[in-house]
Amino acid sequence: MTELFDTYTDLTVAGGPVRLYRGGDTGPPLLLLHGAMLDTAQGVWRRAAQDLATDHRVHVIDLPRHGGSRPWRGVLDDAFYGRFLDALLDALELPRVALIGLSLGGGVATSYALRRPERVSALLAVGPGGIGAKRQAQFLTWLFMRTPGALRLTTRYLARHPEAIRKSMTTNLVEGERTTDFDDILRLATEEAVAKERHGELALDDWQIHSYGPFSMRLDLLPDLPRLSVPTLWVRGDRDRLVGHAELAAAAAAAPGSRLVTMADAGHIVTYDQPDAFTRLAREFLTSALDRGPRSAS
């Protein structure tokens with residue numbers, strides 16, 4: 001485990017528990033938001049957070065119903081996360097912060113930057129959710145989510161069949177079991193599956209469930225991106241099976257001054273497949289974006 005994750009602080013934010021990890025004493029503040037399902041701060045950001053802490057004040061949290069941020073009640077949808085991030089930044093005494101979000105975290109960060117641009121100095125969205133009007137197998141995915149008991153049975157299955165998690169990791173990581181830190185990544189995902197069953201949680205996050213409609217997405221941030229007024233970088237792995245190139249190319253075209261970088265030999269979680277290349281890219285973007293400062297949408 002890296003030094004940044006050796007210690008943590010447990011906070012109460014927006015009425016629920018939040019586990020916070022911090023690193024770095026100087027530089028601009030940075031908040032990292034991980035993805036859904038079996039993702040945790042220690043997994044997704046295990047290398048990037050420590051590296052970025054050399055020149056940023058890094059804040060990393062387990063999102064609600066992940067890692068040490070349990071238990072939570074109520075519906076944790078996109079509207080919730082807008083309130084949650086306001087409360088979190090207040091608790092951290094951060095009037096303004098750069099956001100890096102992956103998958104669900106990328107969608108949450110993008111939505112927040114649209115709502116509260118005055119609190120976001122820069123946005124780096126990695127394979128973000130919430131972009132695009134329709135997804136592959138839209139109706140079948142929605143139907144599965146609405147099938148009584150399906151998501152709880154999925155939670156139970158993953159918790160009791162760790163070999164299924166190993167198979168999924170091996171299939172979806174570009175280097176499979178040769179991935180750097182594979183054993184630790186697998187252990188953390190397996191522990192997360194067990195924790196989800198213990199707390200009676202669904203396999204998918206509320207944010208995902210409430211984003212889906214039967215024939216189109218209920219949450220599609222793309223039409224709002226022309227008014228995105230913070231420096232923005234979109235990132236996607238060239239082997240990402242969940243977020244397509246077309247969606248992020250459209251996002252880059254819609255958001256003023258933003259651009260898309262496609263990382264070679266990387267899947268959906270680029271921080272697992274290309275941790276060093278991602279950190280270099282993030283540092284270059286943040287240096288440039290924070291030097292430029294805020295801008296106005298055109």
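Excluded from the calculations below are hydrogen atoms, water molecules and symmetry mates; all remaining heavy atoms, backbone and side chain alike, are included. Here the structure is a predicted model, which means the values were calculated and not measured.
Less than 6.0 angstrom separates the ring centroid of Trp72 from the ring centroid of Phe80. Centroid-to-centroid, the aromatic rings of Tyr112 and Tyr81 stay 6.0 Å apart or farther.
Put simply, CG on Leu281 and CG on Asp276 are 12.5 Å apart, with the number rounded to the nearest 0.5 Å. Here the straight-line distance linking atom OG1 of Thr141 with atom CD of Gln136 works out to 9.0 Å at 0.5 Å rounding. How far CD1 of Ile131 is from CG of Leu221: 5.0 Å, rounded to the nearest 0.5 Å. For the atom pair CG of Leu32 and CG of Leu99, the computed distance is 9.0 Å after rounding to the nearest 0.5 Å. Within the model, atoms CZ of Arg259 and CG of Leu233 stand 5.0 Å from one another, a figure rounded to the nearest 0.5 Å. In this structure, OG1 on Thr232 lies 8.5 Å from CG on Leu225, to the nearest 0.5 angstrom.
Taking the six-membered ring for Trp and thresholds of 30 and 60 degrees, Tyr157 and His161 have nearly parallel ring planes, at less than 30 degrees apart.
Residues Ala282 and Leu52 approach most closely at CB-CD2, 4.3 Å, considering heavy atoms. For the residue pair Ala251 and Ser258, the shortest heavy atom distance occurs at O-OG, 3.9 Å. For the residue pair Pro128 and Gly107, the shortest heavy atom distance occurs at CB-N, 3.7 Å. Between Ala122 and Leu290, the shortest heavy-atom contact is CB-CD2, 4.2 Å. Taking both residues in full, the closest heavy atoms of Thr155 and Ala203 are given as OG1-N, 2.8 Å, listed atom of the first, atom of the second, then distance. Shown here for Ala289 and Pro231, the closest heavy-atom pair between the two residues is CB-CB, 3.6 Å.
Contact annotation: the side chain of Arg218 never approaches that of Tyr212 to less than 4.5 Å [non-hydrogen atoms, C-beta and beyond]. Leu102 has its side chain out of reach of Leu33: every pair of non-hydrogen atoms, C-beta onward, lies at least 4.5 Å apart. Counting heavy atoms from C-beta on, the side chains of Thr179 and Val174 never come closer than 4.5 Å. Leu204 has its side chain within reach of Met37: a pair of non-hydrogen atoms, C-beta onward, lies under 4.5 Å apart. With a 4.5 Å cut-off on side-chain heavy atoms, Val97 and Leu89 count as touching. Looking at heavy atoms from C-beta onward, Met217 lies in side-chain contact with Arg135 at the 4.5 angstrom threshold. Side-chain contact between Leu140 and Phe144 is absent, with no heavy-atom pair separated by less than 4.5 Å. Contact annotation: the side chain of Glu175 never approaches that of Asp273 to less than 4.5 Å [non-hydrogen atoms, C-beta and beyond].
Here Arg241 pairs with nothing under the salt bridge (Lys or Arg N to Asp or Glu O under 4.0 Å) rule; sequence neighbours left out. The side-chain hydrogen bond (donor to acceptor under 3.5 Å, both in side chains) check on Asp10 picks up Arg19, with sequence neighbours excluded. Every salt bridge (Lys or Arg N to Asp or Glu O under 4.0 Å) that Glu201 has, sequence neighbours left out, goes to Arg70, Lys196. In this view, Pro162 and Thr190 satisfy the side-chain contact (heavy atoms from CB on, under 4.5 Å) rule, not counting sequence neighbours. With sequence neighbours left out, the side-chain contact (heavy atoms from CB on, under 4.5 Å) criterion links Arg115 to Asp78, Ser111.
Heavy-atom contacts from other residues, nucleotides or ligands closer than 6.0 Å to CD of Glu93 number 12 or fewer. Open room surrounds OH on Tyr8; 12 or fewer heavy atoms of other groups in view lie less than 6.0 Å from it. Few gaps surround CZ on Arg146; more than 12 heavy atoms of other groups in view lie less than 6.0 Å from it. Other residues, nucleotides and ligands contribute only 12 or fewer heavy atoms inside 6.0 Å of the NE2 atom of His245.
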Note to self: Test side-chain contact (heavy atoms from CB on, under 4.5 Å) on Leu31 and Val58; report intermediate values, then the result.
What the structure shows: CA-CA 6 Å; Leu31 175 63; Val58 174; over 6 Å; no
- Message: Using side-chain contact (heavy atoms from CB on, under 4.5 Å), reason through Asp39 and Leu63 one step at a time and then give a plain yes or no.
- Response: CA-CA 9 Å; Asp39 284 1; Leu63 291 174; over 6 Å; no
* Asked: Asp55 and Thr26: side-chain contact (heavy atoms from CB on, under 4.5 Å), yes or no, with the steps?
  -> CA-CA 6 Å; Asp55 45 16; Thr26 60; over 6 Å; no
Under the side-chain contact (heavy atoms from CB on, under 4.5 Å) criterion, do Trp207 and Leu219 qualify, and how do the steps go? CA-CA 9 Å; Trp207 190 91; Leu219 177 65; 3.4 Å; yes
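Residues Thr271 and Trp45 bring no donor and acceptor atom of their side chains to less than 3.5 Å of each other. Using modelled atom types and a 3.5 Å distance limit, the side chains of Gln42 and Tyr21 yield a donor-acceptor pair.
Salt-bridge annotation for Asp184 and Arg46: present, with a side-chain N of the basic residue lying under 4.0 Å from a carboxylate O of the acidic one. No salt bridge links Arg236 with Glu247; every basic N to acidic carboxylate O contact stays at or beyond 4.0 Å. A salt bridge does not link Arg152 to Glu197: none of the charged nitrogens lies less than 4.0 Å from a carboxylate oxygen. Using a 4.0 Å cut-off between charged side-chain N and carboxylate O, Asp181 and Arg47 make a salt bridge. By the 4.0 Å N-to-carboxylate-O rule, Asp51 lies too far from Arg280 to be salt-bridged with it. Between Asp86 and Arg119, at least one side-chain nitrogen of the basic residue sits less than 4.0 Å from a carboxylate oxygen of the acidic one, meeting the salt-bridge criterion. Look at Glu191 and Arg187 and you find a salt bridge, because one of the NZ, NE, NH1 or NH2 atoms lies within 4.0 Å of a carboxylate O, short of that distance.
For Thr154 (side chain) and Ala150 (main-chain N/O), a donor-acceptor pair under 3.5 Å exists by modelled atom type. With hydrogens and angles ignored, the 3.5 Å screen pairs no side-chain donor or acceptor of His66 with any backbone N or O of Asp62. Using modelled atom types, no side-chain atom of Thr279 and backbone atom of Ala277 make a donor-acceptor pair closer than 3.5 Å. Using modelled atom types, one side-chain atom of Thr40 and one backbone atom of Gly43 make a donor-acceptor pair closer than 3.5 Å. A donor-acceptor pair is defined here as one N or O able to donate and one able to accept, closer than 3.5 Å; no such pair exists between the side chain of Thr170 and the backbone of Glu177. Between the side chain of Asp77 and the backbone N or O of Asp206, no donor-acceptor pair lies under 3.5 Å. Looking at Thr54, its side chain never comes within 3.5 Å of a backbone N or O of Gln50 through a donor-acceptor pair. Asp240 places no side-chain N or O within 3.5 Å of a backbone atom of Ala266 that could act as its donor or acceptor partner. No donor-acceptor pair closer than 3.5 Å links the side chain of Ser288 to the backbone N or O of Glu284.
For residues 99-109, every residue pair satisfying the side chain to side chain donor-acceptor pair (under 3.5 Å) rule, not counting sequence neighbours, is listed here: Ser103-His268.
Residue Leu104 is grouped with residue Val13 when hydrophobic side chains (ILVMFWY) are merged at heavy-atom distances under 4.5 angstrom, including chains of intermediate members.
Just one of Leu114, Ile100, Leu228 meets the side chain to side chain contact (heavy atoms under 4.5 Å, CB included) condition when paired with Leu123; it is Leu228.
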